[in-house]
Structure formats: structure tokens, C-alpha cells
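The sequence lines fix the lettering, A, B, ..., with proteins before strands; numbering per chain opens at 1.
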Amino acid sequence: MAGTAAGVHYDLVMARAYDVAAVERKWQDRWRVERTYEVENDDPRPLFYSLCMYPYPSGPAHQGHVRNYTFGDLVVRHRTMNGYAVLSPIGFDSFGLPAENAAIQTGTHPRVFTEARIAELKDSLSRLGAVYDWRREVRSHDPEYMRWNQAIFLRFLDAGLAYRASAKVNWCPGCQTVLANEQVLSDGRCERSGDPVEKRDLEQWFFRITSYADELLAALDGLQWPDRVKTMQRNWIGRSEGAEFDLAVQGSDGSPSDLSIRVFTTRPDTSFGMTYAVLAPEHPMVEQLTTDEHKAAVEALVRQADASSELERMRAAEAGPELEKRGVFTGSSVINPFNREPVPVYVADYVLMGYGTGAIMAVPAEDERDFAFAQTYGLPVVRTVQPPEAFEGGAYSGEGEKINSGFLNGLDVATAKERAIEWLEKEGIGTRKVNYRLRDWLVSRQRFWGCPIPVVYCPDHGIVGVPEEQLPVLAPDDVEFLPSGQSPLALHEEFLQTTCPICGGPARRETDTMDTFVDSSWYFLRFCDPWWHDGPVDAVAVRRWMPVDEYIGGVEHAILHLLYARFFQRALIDVGLLPEIEREPFRHYFAQGMIRMAGSKMSKSKGNLIAPSSYYERVGADALRLFHLFVGPPEEDFDWSDQTDEIIDGCGRFLDRLWRSLLEAPAPERSGEPTAADLEVRRLVHRTVMAVSEDIERWSFNTAVAHCQELSNSLVRYGRIDGGPHEEVFVEAADSLLLLLAPMTPHVSAEIWERRHLGQPGVHLQHWPSFDPALVVEDHVTMVVQVNGKVRDRIEVAPSIAAAEAEELALSSDRVRSALGGATPSRVIVRPPSLVNVVP
RNA sequence: GCCCGGAUGGCGGAAUCGGUAGACGCGGAGGCCUCAAAAGCCUUUGCCGGCAACGGCGUGCGGGUUCGAGUCCCGCUCCGGGCACCA
């Protein structure tokens, strides 16, 4: 037999010590039939909720899944052996675009397509030996899950957390539909039709996540999450403190008019340096402030900004600080309230309508973007902070003494900010203001394969929620998937036509579906009691299991999914759908590293997937699991290379040696007083138990495997010592090793254990081994003797050696004396029992 | 541009608190077994010099702190990730 991986041809020539396929199948069946990892909600043991991010079912598992679910399975089995009732559920994030695209291409209904992919994924997870309480399986497209998803939407609607507003979206004129950002090619064209994508204002549904911005930010501090993930979320929320204030528009006679522009700044202290003001092209006052003379130029710029897609702007941003900032003068001026000077008002596309007030005061001396714009358009620069003497750049945004700033002169930046805000508030011109980069969550999707948004539009009553007893609103099955890309729902008259729940008159159904991130924002709550019929979640079950003790998943979800889920948990508590539990859903989050190939992420779209199934057949799931645990720190990326297959084979060889050394060697018969060599083995066993236990606790699986391998190597050697191994010592060593390996390589561990302990409970039902502290203490250690920091000798000493004795021993060493060359030590650093450093 | 990671033998990686650099594995070399091979087993393997004992060098680069630095500090280079005109 032969297989192909990474384009490299290899031969299946490993002669195994045991029938890997039979052993793995046997135990996978056993765990399922005996319901080993099903857990009841009234389990009396201490509780532990372990969860891997539920997968999007794209077919059989890929190596990223294998890595993820191997880690998760290790946690589940390890915690179970430590006496916990472990909740280990899984489900499928089964709505989404790929199934819909497949439907358009092949005509297969997305449900049929998706359920086939789920079956494939389930099969490959089972073949990995990953264990779950399958009774709790939840799939986003299950009508029962959709029902509660919609009920949550309606509750959010009632609470004002869901609202409808106009938003700029990517619109493809050829396909007559809205596109997700990912569907717009990098050159700004539609991925399907190739037409240039436009921006359009459409009515869309939003969740008011911004109401929680402050709490979501503040609560990050208390989370046991990787710092980089917390930082990413912090940056995403992007809190900025500053001030908002009015700039009065200058009237025709030169005095302030009633009209004013509100601006936001994080640097109110620099206000004296304002030399112009800018409106975003979409700002509602643009037309009003544009004089006849400048009308043509302003309209041209506004049209240009309107036509450019998000991606085009992103690309423009990539150009860096040299980016040409397009802007035109409106013909109007505003009065700087700080110094009563008029400054010109521009319209420019570097100011965004979506942030702050969509208008800014421009201070070129202290802002790089304003500086670049001022240079291009010949606008003055007035410094309000004294830069350091050596400073040669344009804009200076650092610390310094305030200058040219009236009542702020002489102050430092922080104090000046405070004074400026106080002054604005006292004068009634403005207020202190905090802004966030975070926007409300746009949840509408003009897609078929998603959860329908459960509202109807009545000519008389407007937006009306579908009554809860009529949920779920399900999409009809008799739809046609057209290559136009338009959602079939919008063309389905029977679905579209409905009646108003209030007046019974004719009404039209919403045809948008929800972003699939909505589905994944609360599935972990549903797992606590997926059978609950009276609401999305059962308060009792949720109180018991939540929060998730260990959440495991790819760092690619570090921002959106984790932020949305944190928002949902809070919002559900606040609208009364969740009891008053901890407001953070995930106590501990582990972000696993990516599998990469030649530097880029391994993914279906890149065509560089290496399916695990060939490895299940070639070396078995245990060897593949061991490889993923062993090959490096779980949080770091791993580069799949030509050498990877050889490492995986090595893992298989290790398991073969384990099998042979524990099952095929003659049974040890020696008893009586243990010898020094026996004791040495016992020490190693107990040290290994301690080391592996610690390694697993701190997620250092690669060293846990290495420690097991060391013990195994010693055990092989011990099996061959003169006189044979001592029976009890060997059994203790063998059993300990199997217990340590049980969460990592469950099939072979279970099989060897069963063969060695016929009729007794299986290895996974045993308690995790403990170690004897007395046996962990070394009876002798190697003391390093350095001369001037260089190792010159190593001396075996007792761990309890006194400093004086250590020093004496070190100084009497021949090697040390010759290294000293007769010189008298000026200083001796003694760190018993590990080190002595003699300084000449 | 800003913010976060990372860089250790031929390769993946270890070194948990500033104290023996290279655990464990892959690969390589030599040997045993075999008619031969595969598998398995044993020995060896950071680099340079040396028959050897041993000596020198060595954790991306340049400095520094320290008796002692892969680990701490300052300044860089390269690689990866996130954000990206957010006022």
C-alpha cells in the first residue's frame, strides 16, 4: 500500500507490534456503547466544563481539528481521571456560506449537503478517539436551536438591543445582492460576476454591542486568557478618552452663526493649534456648508468616496503615511472657540463618518494625518507642544510643554487636556467624551442558509416580531438556488406573504437571516441542557455548569467570536433569559497554534490540507495524537514539512515499543528486598508522575510526552537487567506509565491495561496516579563547579550538602586547582547543592 | 504606521525562579541480527582543533547589568500574527 501526503510519496511499510486498526475500533465502540463520557446534570462529583469550539462542518477533520480535539480530549480524560464529572459536549456550526455556494453549483439543498459533511466530520472525530456526550449534540440548523435563536432575537428586539438602521453595504449590481466583505475581491470586484462592487445604503439589523463596550473592556483584566488575545480585544474595542465640542460656523458678516459643527478629539489640549476643520464626505452638513463656488468640486469628491469600496479604502491605507489625502475646501469657515480665529472647513475622505462625530478639528502640528493633509493643501501649522530639541519630524504627538495655547501655556499635556475639557464644559461648548472603535454588530445576511430573522413588516404596525408560539420561522425547502447569488427567500412568494400578528392584515416577512456568529454566541449555554423545552437555556443546568472551565480553539476566533459570546452572556442575563451567573462565559481560554505549510495556514482554500484519515490507516489515531502533543508547544504554530511523516512514524514506533515491553517480555518473577537499581526505577517512576502531572496542568504536553518516553526507555532497559526486574517495581512502573499515557494515547493504553488487568475496571476509570514525595527527592545530585563562570568539574554530592562542605569540596578539586593555576580565589559563590563558582 | 508574538544543533523542540545549554524525538554515521532486505536491537552524533586526555567556540546581531545571561536591560535585524486614515 502507498499513500500520498504533501505531494510526497511514501510506502506503508511499518510492521506494527499490534493490530492498530482493530484495537482503536474496539475501544471507540466500547466508549460509545458503555457511555463512558456521558454525564448527568445531577452528577455528585465536582464539575468541570471542557469545550472545544464547535466546528464548521466542512467535511472530514483536517489537521487543525485533530490538534484542537486532541487537546480537548486530553483535558476531558485527564480531568475525569482526577475525579471530576466532566461535561464534554460537541455540536456543529452548521449554517454558512459554503453549503449555499455548493447548492448554487450543484442544486443540492444546503441541509443535505451540510448533514453529509457533519456525518463525515463526526466519523473522523470518532476515529480520532475523541469522546463526547453525544446526546447533547447541538447543530445550528436544528429547528429547536433556531427556535431559541429567534426567541433570543425577539427578546433583544424588545429590550432595544436589536434594532434596524441604514448601513453602507457592499452591493454587486450584476448579482443584485449584498456581498460579505470576504466575497469582494482584492481589486474591488465581485468574486462571482466580476462586476465592480458599489456601496449602498440598506436597512440592516444590528445588535447593540456598543452598550457593553466599557464592560467588555474592563472585564478583560480578570480573565485567564492569553495576553495577546486580551490585547487584541482591547484594541478592537478601542476606547479613546477625549472631548466633543461645537465649532460655530462663521456667518456671512464674519460673526458666529447659529450653525455649528460638533467635533471629537482626544487632544483637546491642542485646540489652539487648529488650522482647519474637516467633514467626512458622508457628513449631513456637507451640502449646507458648501458654497456655490465650491459645489462642483465637493460633489465630485463625495461621489468618489461613495463609489470606493471598503477594500479600496483599506488598500489606500496600506499605502502608508504617504497616502494622498483627497480633500476640497467647502467655502465655509468655523470659529475656533479657544482663540476666536476663523479656520476653513474642508471635506476629506480621511475622516470617517462612522467614528466620533464624523467631523474633526485638524491640528497638523500634533497629528500626522492632519500634517500630511496640511502639507498637500498649503495649510498653516501651529505648534502647541514644544518638541524636544533634536526633533526633526513633522507632527509631534509626544510629551512637552504647552506653547501658543493661551491659558494652557506652560502646562504638560495631561494637565492641559484636563483644563481644556473643564473650560469647554464651563463655557457650555462641549463635554468630556469617550469613544469606541467598536461598532454595533451588523447581523443581517441576505442569505438562505442561516437562521431567519423572525419579524414581519406590516403596513400599519411596522416591524412586528413573530409571536414566540409561532417559532421557529423556517425557510421553505422548495426553493431554487440561482447563480444570481440572491437569497431564494426573497423570491419565494409563499414565504414572503404573511399576516401581521397584531392586526391580521397582509404583511411581508423579513427575508434576511442572521449572521452565523449569532448561532455560535450561545451554543455553549444550550449544551448545559439541550433538552430544555421552556426556553433557550435551563437556569438550573446553566448555574451548575457555567462558566466553561476550559475553552479551546483557534486564535483566529480571538476577536469576533469571543467578543460576541461575551456580549451575549451579558445581554442574556440582562434581558432575563439567563440567571444571574458569572458574566464571563469562558473562565480559561486556550488559543492553540495554527498548522501551517510552507509559511501559510493549512486550509481547504489553499489546497494544502493533509487529511488525517490516511494517518488513521497508516499509523493509527494514537500515533497521530501523540505526534500533535509531542511536536511542540500547543500554543505555537507548527510548520508541516517533509519531515513530519517521519516524526509521526516515530510516535508509532514508540507505541510499538510500549506494547512489546509491557506485553511481550517475560513476566517478572523476582521478589524480596528491592536492590539499588530497583529503587532507582521507583524514583524515576515517581518523578515522572510528578513531572507529567505538572506538565499537563501547565499545558506543556510536549514535555509530558518526553517524560513518558524517558520512563518508557528506562523501563525497556530495566526489563533486561541481570536477574530480571523486580515484580512489584515493574508493575508499579508499567501501570503508572499507562495511567499517564491514558489521556494522550487512549486506545493503546486501554488495550494494554486490559490485557494486564483482566476483569478489572479500565485504565480510564482509574484514578490519576499520585507520587510519593519521599521518592521524588534525589539521593544525590551533580554539583557543578565553575571557575570564573566556566564549568570545570562536576561532583556527585548529597542534596543536603552544607555550603561550607560544598566549598571545601570544590576548592579541593584537581581540575579546579589547575584551572586556577595557583591563583588565590578572591570570591567563592556557593549555591548548594547545585553550584559553586570560584572567582580568581 | 501602531500593537502583540517569535528566532536555540542538519530538523521539530527542551531548559518552569539568573545557576550543567541541547531533555525527548526526527535525521545521519557505525555495528548486531539476516542468504539478503524490512522490522528490531546496540553504539554514536552541537561546531572547530586533537590519536587521546583535553582545549576553544556556541542560543539572530551589537552593547550593558551580574560571580554567572538562551533567560534581565538598551539598541537593531529578520520572520509570523492582529489592527489599520478611529481624530
Q: How many whole angstroms separate atom CZ of A:Arg239 from atom C1' of B:A87?
A: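 From A:Arg239 CZ to B:A87 C1': 16 Å.
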Q: By nearest atom, which of the nucleotides B:A87, B:G19, B:C42 is closest to the A:Val351 side chain?
A: B:A87
Q: Is A:Arg717 touching bases, backbone alone, or none of the nucleic acid, heavy atoms closer than 4.0 Å?
A: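 The residue A:Arg717 makes no contact with any strand.
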Q: Using purine N1 to pyrimidine N3 plus N6-O4 or O6-N4 for Watson-Crick, or N1-O2 and O6-N3 for G-U wobble, both under 3.5 Å, which nucleotide pairs with B:A7?
A: B:U77
Q: Hey, are A:Arg234 and A:Asp227 close enough for a salt bridge, meaning a charged N less than 4.0 Å from a carboxylate O?
A: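 No.
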Q: Taking 4.0 angstrom as the limit, do A:Asp269 and A:Lys417 come out as a salt bridge?
A: no
Q: With a non-hydrogen cut-off below 4.0 angstrom, is A:Gln643 in contact with a base, only sugar-phosphate, or nothing?
A: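 If one applies the 4.0 Å heavy-atom cut-off, A:Gln643 turns out to touch a base.
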Q: Could you measure between the two C1' atoms, the one in B:G49 and the one in B:G58, and give it in whole Å?
A: 15 Å
Q: Mapping A:Val716 and A:Val631 onto RNA chain B by nearest heavy atom, which one lands closer to the 5' end?
A: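 So the residue in question is A:Val631.
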Q: Considering only side-chain heavy atoms of A:Lys790, which listed nucleotide, B:C57, B:G25, B:C41, is closest?
A: B:C57
Q: Which nucleotide in the list B:A87, B:U20, B:A23 gets nearest to the side chain of A:Thr266?
A: B:A87
Q: Could you give the CD-to-P distance, from A:Gln786 to B:G18, as a whole number of Å?
A: 16 Å
Q: Between B:C85 atom P and A:Glu282 atom CD, what is the distance in whole Å?
A: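 Those two atoms, CD and P, are 13 Å apart.
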Q: By the 4.0 Å heavy-atom rule, please label A:Arg698 as base, sugar-phosphate, or nothing.
A: base
Q: For B:G49, does the O4'-C1'-N9-C4 or O4'-C1'-N1-C2 angle fall within 90° of 0, making it syn, or is it anti?
A: anti
Q: So what does A:Glu636 hit on the nucleic acid, given a heavy-atom distance under 4.0 Å: a base, only sugar-phosphate, or nothing?
A: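 Contact class for A:Glu636: none.
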Q: At 4.0 Å (heavy atoms only), tell me whether A:Asn435 reaches a base, stays on the sugar-phosphate, or touches nothing.
A: nothing
Q: Which whole number of Å gives the distance between the C1' atom of B:G80 and that of B:G22?
A: 24 Å
Q: Among B:G80, B:A87, B:C3, which nucleotide has an atom closest to any side-chain atom of A:Asp637?
A: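 That would be B:G80.
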Q: For the C1' atoms, the ones on B:A53 and on B:A37, what distance do you get once it is rounded to whole angstrom?
A: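 Looking at atom C1' only, B:A53 and B:A37 are 42 Å apart.
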Q: Report the glycosidic orientation of B:C42: syn if within 90° of 0, anti in every other case.
A: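 Anti, which is what one calls it when the glycosidic angle falls more than 90° from 0.
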Q: Which part of the nucleic acid, if any, lies within contact of A:Ser240, taking any heavy atom under 4.0 Å across all strands shown: a base, the sugar-phosphate backbone alone, or nothing?
A: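 Sugar-phosphate, backbone atoms only, no base.
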Q: What is the base-pairing partner of B:U71, counting Watson-Crick and G-U wobble geometry with both distances under 3.5 Å?
A: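 Result: none.
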Q: Taking the C1' atom in each of B:C33 and B:C42, what is the distance between them to the nearest angstrom?
A: 11 Å
Q: Please give, in whole Å, the distance from B:G5 C1' to A:Asp639 CG?
A: 15 Å
Q: If we take the P atom in both B:C57 and B:G68, what is their distance in whole Å?
A: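 To the nearest whole Å, 15 Å.
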Q: Could you please name the option among B:C42, B:C26, B:G19 that lies closest to any side-chain atom of A:Ser834?
A: B:G19
Q: Compare the minimum distances between each of B:C41, B:G82, B:G27 and the side chain of A:Met232, then state the nucleotide with the smallest one.
A: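 The answer is B:G82, which lies nearest to the side chain.
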Q: Counting the atoms with a prime plus P, OP1 and OP2 as sugar-phosphate, which does A:Phe638 contact under 4.0 Å by heavy atoms, base, sugar-phosphate, or nothing?
A: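 Sugar-phosphate contact only - A:Phe638 comes under 4.0 Å of backbone atoms but never of a base.
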Q: How do A:Arg831 and A:Tyr436 order along RNA chain B: which one's closest nucleotide is nearer the 5' end?
A: A:Arg831
Q: Is a salt bridge present between A:Glu778 and A:Arg687, judged by a nitrogen-to-oxygen distance below 4.0 Å?
A: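 Looking at A:Arg687 together with A:Glu778, the answer is yes, because their closest N to O distance falls below 4.0 Å.
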Q: Specify the separation, in whole Å, of atom CZ of A:Arg437 and atom P of B:C83.
A: 8 Å
Q: For A:Pro634 and A:Trp699, which heavy atoms make the closest approach, and how far apart are they?
A: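 The pair with the smallest heavy-atom distance is CG-O, 3.3 Å.
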Q: Check this for me: does any side-chain nitrogen of one of A:Arg698 and A:Asp695 sit under 4.0 Å from a carboxylate oxygen of the other?
A: yes
Q: Could you give the distance separating B:C17 and B:C72 at their P atoms, to the nearest angstrom?
A: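 The answer is 10 Å between these two P atoms.
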Q: Hey, does A:Asn837 reach any base, or is it just sugar-phosphate, or nothing, if we go heavy atoms under 4.0 Å?
A: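 If one applies the 4.0 Å heavy-atom cut-off, A:Asn837 turns out to touch a base.
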Q: C1' atom, B:G25 versus B:C32: distance in rounded Å?
A: 23 Å
Q: Between A:Glu366 and A:Thr384, does the side-chain hydrogen bond (donor to acceptor under 3.5 Å, both in side chains) criterion hold? Intermediate values first, please.
A: CA-CA 8 Å; A:Glu366 276 96 33; A:Thr384 73; 2.9 Å; yes
Q: Under a 3.5 Å limit for both distances, which nucleotide forms a Watson-Crick or G-U wobble pair with B:C33, could you say?
A: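 By the stated definition (distances under 3.5 Å), nothing pairs with B:C33.
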Q: Nearest whole angstrom, please: distance from the C1' of B:U20 to the CD of A:Glu778.
A: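 In whole Å, B:U20 C1' and A:Glu778 CD are 14 Å from each other.
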Q: Write down the distance separating the C1' atoms in B:C85 and B:C74, rounded off to the nearest Å.
A: 33 Å
Q: Give the nucleotide from the list B:C4, B:G13, B:A23 with an atom nearest to the side chain of A:Arg228.
A: B:C4
Q: Let's test this: given Watson-Crick or G-U wobble pairing with both distances under 3.5 Å, identify the partner of B:G58.
A: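 When the pairing criteria are applied, nothing turns out to pair with B:G58, so the answer is none.
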Q: Nearest to the side chain of A:Thr703, heavy atoms from C-beta on, is which of B:C83, B:A15, B:C85?
A: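 In terms of side-chain proximity for A:Thr703, the closest of B:C83, B:A15, B:C85 is B:A15.
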Q: In whole angstrom, what separates A:Tyr355's OH from B:C85's P?
A: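 Result: 12 Å.
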Q: If I take atom CD in residue A:Glu635 and atom C1' in nucleotide B:G81, what distance separates them, rounded to the nearest angstrom?
A: 14 Å
Q: Return all side-chain donor-acceptor pairs below 3.5 angstrom for residues 787-796 of chain A, not counting sequence neighbours, or 'none' if the list is empty.
A:
{"from": "A:Asp793", "atom 1": "OD2", "to": "A:Ser813", "atom 2": "OG", "distance (Å)": "2.7"}
{"from": "A:Glu796", "atom 1": "OE1", "to": "A:His780", "atom 2": "ND1", "distance (Å)": "2.7"}
{"from": "A:Glu796", "atom 1": "OE2", "to": "A:Thr782", "atom 2": "OG1", "distance (Å)": "2.8"}

Q: For the side chain of A:Asn788, starting at C-beta, report the closest nucleotide among B:C41, B:C67, B:C57.
A: B:C67
Q: Have a look at A:Arg794 and say if it touches a base, only the backbone sugar-phosphate, or nothing, with a 4.0 Å heavy-atom cut-off.
A: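 Base, at least one base heavy atom under 4.0 Å.
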Q: With both distances kept under 3.5 Å, what pairs with B:U16, Watson-Crick or G-U wobble?
A: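 Its partner: none found.
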Q: Once you apply a heavy-atom cut-off of 4.0 Å, does A:Arg815 come out as touching a base, just sugar-phosphate, or nothing?
A: sugar-phosphate
Q: Is the terminal nitrogen or CZ of A:Arg596 (NZ for Lys, CZ for Arg) located under 6.0 angstrom from the six-membered ring centre of A:Trp640 and within 45° of that ring's axis?
A: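 Relative to the ring axis of A:Trp640, which defines the angle, A:Arg596 lies outside at least one limit.
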Q: Nearest to the side chain of A:Leu835, which nucleotide is it out of B:U16, B:C41, B:G19?
A: B:G19
Q: Taking 4.0 angstrom as the limit, do A:Arg618 and A:Asp649 come out as a salt bridge?
A: yes
